Amino acid sequence: MRGGTQEITDLILNAKERAIKETSHEPEPELTQPQKWPINCTVGPGLEGAIACETKVGYVNGAKGWLIYRGYNIFDLCAYSTFEEVSYLLLHGLLPTATQLEAFKKKLVQYAHIPYTKRLLLSFPVEKMNPMAVLRLGTSFMRQEFTDVESEDYIADTVRIINADEDSIPMETKPMGEEHAIYEFRREEREKKIRDELKGAGGDESCHHLLAGVASVMAAAARLRAGGYPLEPDPELSFAANLLYMMNGKVPSPLEERIMDVALILHADHGMNASTFASMVVASTLSDIYLSVGAGIAALQGPLHGGANEKVIEMFHEIGTEAQVKAWFEKKRAAKEKIMGFGHRVYKAYDPRARVLAPLAEYMSNKSPEGKKMFGIAKALENEVVSTLGSEKKIFPNVDFYSGIVYTCMGIAPEFFTPIFAVSRVAGWTARVQEYLKNNRIFRPRAMYLGAFDKEYTPLEQRGNEKKD
Ligand code: SDX
């Protein structure tokens, strides 16, 4: 296993053992067969309980606290796989062969080269913008630069500004000397080839492009926010290592690379969550995958969804110390306020992702005083919540409760926790959009009309004392 990360694999397999032991009493899922539509389901507000489509991409078992990607249990994927393999699996339905994986990795590095898109970002106050807004901006620039979805006669702006000296831009391949010069002169030809592959902004190539590009944009936002210049990916590094390298200019240790890789695997897909649904709704109108991913980014930002991981850290700072947890929680509970990082629409058991992230957070916090303090508060809060709301309302830690401690121990700022979630979830968004478009039907739920009927039109001068319904 890669450089001294066997402990991480052991930690994940222990979490799997524990999960199986603690949930073996839960009923086995009634594995459904293909349905004969239309089907009956009991629907609550916010489409709770509604079944919108069939899928083979992933399965969330809320009773048992299971998460499965294309049939593989999340614990096994975290223990043995990589984010490149898992995103390929989600998108293409099978784990890649060695040849497919090599080609996919090369493709991701190639697509992560979006210097012109990043250059456009430089004309925005990125360091002051919400990083999720920067991600959305970046996906729109990528759409503009690499696809001709708007017009057949779309001509890429051939005025290519030299982005920066080559030292900060490791080449996709590392040609030297005269060969390198040819490489540079072939840039236009190379980029035209990419554009031809991406043309319609809707196929698998566009999904790969977004998977790589959103990571590049996020890393660029982190560099600009820290007062640096965006970096290009190093073709020798893995996706997870490149993400960290492009964010802070340092090649991560094997341990940091492994931890980030596990975090990316854990966040990649999760059923019909709000951001996945948002991207599918946009795609179902036959808009394109770039705008669909932009919609997913927008939905994920909300603190009830992916934005919770950042709010959890704010909550730890508000609590202050482990000793203050009990009093803080009692106050919140009495006010019936929601505790960030807890509860889930589907999981009425431990979120399996929290089962991996909690020991990871503990492992990492042993190396960081700030992390150690946070982990102590988190553990104390978990005990308070699970011993009360856990039994009363099946409220348990979710994916967002411990992830922030892991990222904090890696030196990542809280405003980049949700963007990292988005980088990973591009895999799930694009996989489910592509699958749904195979049998597309525009999403169009209904609303219960409770308003009035047959009202007389009131002329302007007679208005003012109308009662709202
Ligand atoms: C993600 O859907 C996904 O799969 C999402 C996600 C993914 O991978 O895509 O898993 C990622 O979004 C995780 C969730 C991150 N959000 C948070 O941690 C924010 C805090 N959690 C809550 O806002 C809430 O639990 C939700 C939004 C996650 C789920 O809310 P629901 O299903 O709409 O539940 P609800 O609001 O109907 O609550 C039911 C009861 C209520 O009590 P009563 O009114 O019945 O007395 O449970 C209570 C709620 O008050 N409750 C909580 C609580 N969450 C629910 N009470 C305290 N703290 C909480 N966190």
Side-chain angles (χ1 to χ4, degrees), residues 43-50 52 55 57-63 65-69 74 86 90 132 263-280 293 295-316 319 325 328-358 378 381-382 384-405 417-429 431-432:
V43 183
L47 293 180
E48 180 160 12
T55 181
V57 173
Y59 172 65
V60 180
N61 180 315
W66 274 2
L67 175 55
I68 291 175
Y69 294 167
I74 193 73
V86 167
L90 287 168
M132 294 291 270
L264 291 169
I265 292 172
L266 287 170
H267 287 84
D269 180 62
H270 207 254
M272 291 292 275
N273 60 84
S275 55
T276 296
F277 185 54
S279 45
M280 290 170 70
V293 164
I297 292 169
L300 188 70
Q301 154 71 6
L304 289 188
H305 191 12
N309 53 21
E310 193 179 336
K311 295 290 172 209
V312 166
I313 300 299
E314 287 171 20
M315 182 175 75
F316 292 152
I319 293 171
V325 163
W328 181 90
F329 173 62
E330 306 278 281
K331 217 164 106 228
K332 290 289 177 189
R333 194 172 163 218
K336 284 185 77 76
E337 282 183 42
K338 295 201 170 163
I339 316 294
M340 290 292 117
F342 286 91
H344 200 276
R345 175 65 58 83
V346 178
Y347 288 125
K348 300 310 168 198
Y350 254 85
D351 184 329
R353 299 167 296 180
R355 286 183 180 279
V356 174
L357 288 163
L381 183 57
E382 177 184 338
E384 289 297 329
V385 176
V386 171
S387 58
T388 51
L389 299 175
S391 42
E392 287 160 28
K393 301 179 182 177
K394 295 199 176 277
I395 306 275
F396 293 96
N398 61 46
V399 65
D400 289 313
F401 187 57
Y402 285 104
S403 55
I405 300 178
F417 295 175
T418 310
I420 290 174
F421 193 152
V423 163
S424 165
R425 190 54 60 89
V426 171
W429 292 332
R432 288 179 183 266

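Numbers for residues simply follow the sequence, beginning at 1. We count ligands from 1, going down the list as the structure has it; atoms in each ligand are counted the same way. Because the structure is a prediction, the values reported are computed rather than measured.
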Short list, please: which atoms of ligand 1 are under 4.0 Å from a heavy atom of [X]?
X	value
Ala308	15 (C), 16 (N), 17 (C), 18 (O)
Gly343	25 (O), 28 (C)
Lys393	42 (O), 43 (P), 46 (O), 47 (O)
Met340	18 (O), 19 (C), 20 (C)
Pro303	16 (N), 19 (C)
Leu389	57 (C)
Gly341	17 (C), 18 (O)
Phe342	18 (O), 20 (C), 21 (N), 22 (C), 25 (O), 59 (C), 60 (N)

Considering only non-hydrogen protein atoms, determine which one is nearest to [atom] and report residue, atom name and distance to 0.1 Å.
atom	value
atom 6 (C) of ligand 1	His344 NE2, 3.7 Å
atom 31 (P) of ligand 1	Arg345 NE, 3.6 Å
atom 14 (C) of ligand 1	Asn398 ND2, 3.5 Å
atom 11 (C) of ligand 1	His305 ND1, 3.7 Å
atom 16 (N) of ligand 1	Leu304 O, 2.9 Å

Under the 3.5 angstrom rule, does the side chain of [X] hit a backbone N or O of [Y] as a donor-acceptor pair?
X	Y	value
Arg353	His267	no
Tyr69	Asp269	yes
Asn398	Gly343	yes
His305	Ser275	yes
Ser424	Ile420	no
Thr418	Gln301	no

Tell me whether [atom] lies less than 4.0 Å from at least one protein heavy-atom position.
atom	answer
atom 19 (C) of ligand 1	yes
atom 42 (O) of ligand 1	yes
atom 45 (O) of ligand 1	no
atom 26 (C) of ligand 1	no

Region of Arg425 that comes within reach of ligand 1 [heavy atoms, distance under 4.0 Å]: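 The side chain, only.
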For ligand 1, the portion of Lys336 having any non-hydrogen atom under 4.0 Å away: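 The answer is the side chain.
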Nearest heavy-atom neighbours spanning Ala354 and Pro397: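 Heavy atoms only, the tightest pair is CB-O, 3.8 Å.
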Shortest heavy-atom approach to atom 53 (C) of ligand 1 - which of Ile395, Asn273, Val60: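 Nearest option to atom 53 (C) of ligand 1, by heavy atoms: Ile395.
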From the candidates Lys338, His270, Met315, the one that places a heavy atom nearest atom 22 (C) of ligand 1: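 The nearest heavy atom belongs to Lys338.
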Using side-chain heavy atoms (C-beta onward) and a distance below 4.5 Å, is [X] in contact with [Y]?
X	Y	result
Tyr347	His270	yes
Phe401	Asp351	no
Asp400	Phe417	no

Whether over 12 other heavy atoms sit under 6.0 Å from Lys394 NZ: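 12 or below, so no.
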Check for me whether [X] has a heavy atom closer than 4.0 Å to any atom of ligand 1.
X	value
Arg353	yes
His267	no
Ile339	yes

I need the [X] [atom1] to [Y] [atom2] distance, nearest 0.5 Å.
X	Y	atom1	atom2	value
Ile395	Leu389	CD1	CG	6.0 Å
Arg425	Leu264	CZ	CG	11.5 Å
Ile297	Phe421	CD1	CZ	12.5 Å

Any N or O of Asp400 closer than 3.5 Å to N or O of ligand 1: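 Asp400 vs ligand 1: no N/O contact under 3.5 Å.
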Residues Glu384, Lys332: salt bridge by 4.0 Å N-O rule: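 A salt bridge is absent here (no side-chain N lies under 4.0 Å from a carboxylate O).
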